[in-house]
Amino acid sequence: ARKAYLQSEKGKAARKAYRESKKGKATRAAYEQSEKQKASHKARAQSAKEKAYRKAYNETLKNTGSDQEQTKIAGKQAASFVCESNKARNNEPESASISPLLPAF
């Protein structure tokens, strides 16, 4: 329900009104100056997902010229591939990665 509201015209209008209000501008300015924002920005820039997105985006941009839509799609596909491979690696049971070296008793 929340996602539907955020994508609706009413939700978009509400977010735009807040963004343009004094309170919205003050909140955004305070966050941009905060240590939390700086740490978050740095962590995102160094993440594997972001690096994969940027690499695919730039490579596609080089090959296609200035097709922005195609470059965004390529970047998102690369980022989602990294996310899926990380999920698969994290869900792998620990015992599967350790070969059975000890004899069974």
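This chain uses plain numbering: 1 for the first residue, then up along the sequence.
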Quiz item: Going by heavy atoms in the side chains, are Glu59 and Asn63 under 4.5 Å from each other?
Solution: yes

Quiz prompt | Polar side-chain atom of Ser40 near backbone of Gln37 as donor-acceptor pair, under 3.5 Å | solution = no

Quiz item: Between Lys16 and Arg19, is any pair of side-chain heavy atoms under 4.5 Å apart?
Solution: yes

Quiz item: Is a salt bridge present between Glu32 and Arg28, judged by a nitrogen-to-oxygen distance below 4.0 Å?
Solution: no

Give every donor-acceptor pair under 3.5 Å between a side-chain atom in residues 68-82 and any protein atom, sequence neighbours left out.
unit_1	atom_1	unit_2	atom_2	d
Gln68	OE1	Tyr57	OH	2.7
Thr71	OG1	Asp67	O	3.3
Thr71	OG1	Gln68	O	2.6
Ser80	OG	Lys76	O	3.3
Ser80	OG	Gln77	O	2.9

Quiz item: Donor-acceptor pair, Arg44 side chain versus Glu50 backbone, under 3.5 Å?
Solution: no

Quiz item: Short question: side chain of Thr64, backbone of Thr60 - any donor-acceptor pair under 3.5 Å?
Solution: yes

Exercise. Of all the heavy-atom pairs spanning Lys12 and Gln7, show the shortest one and how long it is.
Key: CE-O, 3.3 Å

Self-check item: Minimal non-hydrogen separation, Cys83 against Lys49, with atom names
Solution: SG-CD, 3.5 Å

